[in-house]
Structure formats: structure tokens, C-alpha cells
**Q** 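Structure provided below as C-alpha cells; questions to follow.
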Amino acid sequence: MSLAASGIVTSIVPFDPTYGITIVASVMLAVIVCAMVFFALAPLVSDSWAEQLSATSTSSATPSAEPSDD
């Protein structure tokens, strides 16, 4: 019975599920690495990215702010 069942399974799934999981994980890893490389190199290539990353904060401390208890 196990031989017939394995024949049915191989006809339904044309490849080993381990290969499918490996391919999906590899593609996801490649996408994450590409995104990290893009964000690391974008300020070097584009001036607008560099300006956005080096922009200072426009918010200031309010006069009613309480001092810390150091």
C-alpha cells in the first residue's frame, strides 16, 4: 500500500517539498539583502536621500517641560 501511496504523492507534488521551502527562503533572503544594500547605498548615489537622512529635528523642548531628577 505504501508503494501505491507514494506513487500518488509523487504525481501530485512534482518536486520535493524541501526544495520548495529552500527556494522560498532563498528568495526572501535575497530580497532582504537587496533592500539593505539599497538603503545603505542610496545616500551615496542620490543627494535627496542624503539630505533626508542628515536633516536635523525641527522640534524643540517646550518651556513647560520638567527637568529630570538626576
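When a residue number appears, it is its place in the shown sequence, counting from 1.
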**Q** With rounding to the nearest 0.5 Å, note down the distance linking SG in C34 to CG in L29.
**A**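 Here the rounded value is 9.5 Å.
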
**Q** Okay, side chain of S46, backbone of A42: is any donor-acceptor separation there less than 3.5 Å?
**A**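 Not at all, since once roles are kept as given, no pair shorter than 3.5 Å links the two residues.
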
**Q** Quick check: is L44 connected to V33 through a chain of hydrophobic side chains (ILVMFWY, heavy atoms under 4.5 Å apart)?
**A**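 Yes, V33 and L44 fall within the same hydrophobic cluster.
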
**Q** What's the spacing between T18 OG1 and I23 CD1 if we round to 0.5 Å?
**A**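 Here the rounded value is 11.0 Å.
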
